[in-house]
Amino acid sequence: LEWCVSVPKVELHAHLNGSVRNSTLFELARVLGDKGVIVFSDVENVIMKDDRTLHKVFKLFDLIHILTTDHSTVTRITKEVIEDFAAENVVYLELRTTPKRNDSIGMSKRSYMDAVMEGLRAVSSVDVDYSPAGLKTNTFNGSTRKKMYVRFLLSIDRRESTEAAMETVKLALEMRDLGVVGIDLSGNPIVGNWSTFLPALKFAKEQGLYITLHCGEVPNQEEIKAMIDFLPHRIGHACCFDEENWRKLKSAKIPVEICLTSNIRTETISSIDIHHFVDLYKAKHPLVLCTDDSGVFSTSLSREYNLASSSFGLGKTEMFQLAEIAIDFIFADDGVKTDLRATFEEAVKKLN
Ligand code: 5GP
């Protein structure tokens, strides 16, 4: 595991509210418990429980959102999550989150994202570059401190309407200069229809935003086919594909974000030895290891690398290459890619 921690890594599939530390969730629950908003022991039971089936996970998210959805808490968790990834030697992070509107506390999707940005600016353990092409932050230039790139993806929740999805896309366009690079479609896969989100996703793509979709978490082959035909820039999971969609995915060469622990714990894949990682890896299909929800699934990106290595018999050379090739699939410009490749080159010298 230590070696996996020391390798520089690229994280492309991490949900903000799924990556919150347990200690923070407990602290928040205690405060709300004292105020009588929630019953602390109920929350404790849900957070500590081992049951993480897909159905239960979405219930857990509803609970987490009660604990975290106010501006100052969103700022706090953003800072903590970014610092946790930095501590793991993540050198490029694409963090995704669903902008939330909550009129009762005066929260709009924009003010939610402003709170996220404040959390990013509060990061103190590393120098962060969050601006697109060439517009580097002051601290980043010439500094000898550890550095990290952070970009954002705005998630559309499958419970949302076409209008709400469109609002998220417009917000992403507004926030491009602040490091928002794309759109994700996520949320409970048995809720909502592809046709509801398609207009907003199409608009996003036309406007030059990158798109990644949660695809194939349940065996809805018609939706999977429609998603591949849309040609997103990446997809997440790809667990329940039939043979025809599998062939389509491979010929379209769409990179896949692989979340091993998440797939096992949600029981989307019954056992690690039959995980589709193996088939995609052997076929040299573009793929990247990711955490999904490091808090909810009690994992880290280093643990995911360690798990892949021990489960699929990959040595250090293969693991390093796997980490490095992820640079090809990031939603950032060539300048960032070149800089990241240099970071990996430096690291390989130190590790050998
Ligand atoms: P947030 O967007 O609130 O920062 O992060 C939590 C949200 O991400 C959840 O409410 C859910 O919409 C989405 N999410 C997190 N993990 C998963 C997953 O494994 N599958 C899907 N489909 N959505 C997820």
Side-chain angles (χ1 to χ4, degrees), residues 11-21 24-25 28 46 52-71 73-82 84-85 93-102 107 109 112-113 115-117 119-120 150 152-160 164-165 168 171-172 180 182-192 194 197 212-220 223-224 227 232 234-240 256-269 290-299 304:
E11 169 65 82
L12 301 183
H13 188 137
H15 298 268
L16 173 61
N17 277 280
S19 309
V20 182
R21 301 170 187 163
T24 298
L25 289 180
L28 296 169
V46 182
R52 290 287 184 264
T53 52
L54 206 55
H55 172 70
K56 293 274 167 59
V57 158
F58 291 105
K59 289 207 147 152
L60 179 54
F61 278 123
D62 286 342
L63 178 67
I64 292 174
H65 289 144
I66 293 173
L67 301 178
T68 57
T69 308
D70 76 56
H71 294 109
T73 309
V74 168
T75 297
R76 172 186 175 173
I77 61 171
T78 304
K79 174 182 190 287
E80 288 180 358
V81 166
I82 293 172
D84 288 349
F85 277 111
L93 166 67
E94 270 170 32
L95 189 59
R96 57 185 75 188
T97 192
T98 320
K100 294 166 188 74
R101 181 179 156 184
N102 185 345
M107 179 182 278
K109 288 190 176 196
Y112 175 93
M113 280 311 298
V116 168
M117 294 310 301
L120 168 82
V150 178
F152 291 101
L153 304 174
L154 303 196
S155 301
I156 295 168
D157 187 311
R158 295 184 61 117
R159 288 178 289 200
E160 290 184 295
T168 297
L171 179 59
V180 174
I183 297 289
D184 157 56
L185 175 66
S186 55
N188 194 337
I190 60 169
V191 172
W194 172 243
F197 319 114
T212 179
L213 305 171
H214 281 62
C215 177
E217 289 173 287
V218 290
N220 179 348
E223 185 183 87
I224 295 170
M227 283 182 168
R234 292 196 311 252
I235 60 167
H237 299 300
C239 298
C240 308
V256 181
E257 303 149 2
I258 297 271
C259 311
L260 296 171
T261 300
S262 162
N263 295 160
I264 299 301
R265 296 212 55 197
T266 55
E267 298 174 10
T268 318
I269 298 290
C290 305
T291 52
D292 203 5
D293 300 293
S294 53
V296 167
F297 300 124
S298 309
T299 188
E304 295 303 298

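Numbers here are sequence positions counted from 1. All values below were derived from every heavy atom in this structure, side-chain atoms included, with hydrogens, water molecules and symmetry-related copies excluded. Whatever order the structure lists ligands and atoms in, that order sets their numbers, starting from 1.
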Undergrad: Is the backbone N or O of Ala164 less than 3.5 Å from a side-chain atom of Lys109, with the two atoms forming a donor-acceptor pair by type?
TA: yes
Undergrad: Could you check whether atom CZ of Arg21 has more than 12 heavy atoms from other residues, nucleotides or ligands sitting under 6.0 Å from it?
TA: yes
Undergrad: Considering all heavy atoms of both residues, which atom of Pro189 and which atom of Phe58 are nearest to each other, and what is their separation?
TA: CD-CE1, 3.6 Å
Undergrad: Which residue holds the protein heavy atom closest to atom 10 (O) of ligand 1, what is that atom called, and what is the gap in Å?
TA: His65 CE1, 3.1 Å
Undergrad: Which class fits the ring pair His13 and His15: parallel under 30°, tilted 30 to 60°, perpendicular over 60°?
TA: perpendicular
Undergrad: Which of the atoms in ligand 1, numbered in the order shown and given with their element, are less than 4.0 Å from a heavy-atom of Ser186?
TA: 13 (C), 23 (N)
Undergrad: Is the shortest N/O to N/O distance between Leu54 and ligand 1 below 3.5 Å?
TA: no
Undergrad: For ligand 1, does Asp292 get within less than 4.0 Å through its side chain, its backbone, both, or neither, judged by non-hydrogen atoms?
TA: side chain
Undergrad: Which residue supplies the protein heavy atom nearest to atom 16 (N) of ligand 1, what is that atom called, and how far is it?
TA: Asp293 OD2, 2.7 Å
Undergrad: Below 4.5 Å, heavy atoms only, C-beta onward: do Trp194 and Leu185 meet side chain to side chain?
TA: yes
Undergrad: Please check whether His15 reaches ligand 1 - meaning an N/O of the residue sits under 3.5 Å from an N/O of the ligand, judged on distance alone.
TA: yes
Undergrad: Can you list the ligand 1 atoms lying under 4.0 Å from a non-hydrogen atom of Leu16?
TA: 4 (O)
Undergrad: Before you tell me yes or no, could you show the steps for Ser262 and His237 under side-chain contact (heavy atoms from CB on, under 4.5 Å), namely the whole-Å CA-CA distance, both residues' side-chain angles and the distance that decides it to 0.1 Å?
TA: CA-CA 9 Å; Ser262 162; His237 299 300; 3.9 Å; yes
Undergrad: Does anything in residues 182-192 pair up under salt bridge (Lys or Arg N to Asp or Glu O under 4.0 Å), and if so which pairs, sequence neighbours excluded?
TA: Arg96-Asp184
Undergrad: Between the side chain of Thr78 and the main-chain N/O of Val74, is any donor-acceptor distance below 3.5 Å?
TA: yes
Undergrad: Around atom 4 (O) of ligand 1, find the nearest protein heavy atom and jot down its residue, atom name and distance.
TA: Thr97 OG1, 2.7 Å
Undergrad: With a 4.0 Å heavy-atom cut-off (strictly under), which part of Asp157 contacts ligand 1: side chain, backbone, both or neither?
TA: side chain
Undergrad: Identify the protein heavy atom lying closest to atom 18 (C) of ligand 1, giving its residue, its atom name and the separation to 0.1 Å.
TA: Glu217 OE2, 3.6 Å
Undergrad: What is the closest protein heavy atom to atom 23 (N) of ligand 1, and at what distance does it sit?
TA: Gly187 N, 3.1 Å
Undergrad: Do the non-hydrogen side-chain atoms of Ile190 and Arg158 ever get within less than 4.5 Å of each other?
TA: no
Undergrad: Do the side chains of Ile64 and Val296 get nearer than 4.5 Å, heavy atoms only?
TA: yes
Undergrad: Find all atoms of ligand 1 within a distance of less than 4.0 Å from any non-hydrogen atom belonging to His214, and give their numbers and elements.
TA: 20 (N), 21 (C), 22 (N), 23 (N)
Undergrad: Just distances here: any N/O of Arg159 and N/O of ligand 1 closer than 3.5 Å?
TA: no
Undergrad: Using a 4.0 Å heavy-atom cut-off, say whether Asn17 meets ligand 1 through its side chain, its backbone, both or neither.
TA: both
Undergrad: What protein heavy atom sits nearest atom 2 (O) of ligand 1, and how far off is it?
TA: Thr98 OG1, 2.5 Å
Undergrad: Please confirm whether Arg158 approaches ligand 1 to less than 4.0 Å, judged on its heavy atoms.
TA: no
Undergrad: Taking everything shown except Lys100 itself, do over 12 heavy atoms lie less than 6.0 Å from its NZ?
TA: yes
Undergrad: Answer yes or no: does an N/O atom from Ser262 fall short of 3.5 Å to an N/O atom of ligand 1?
TA: no
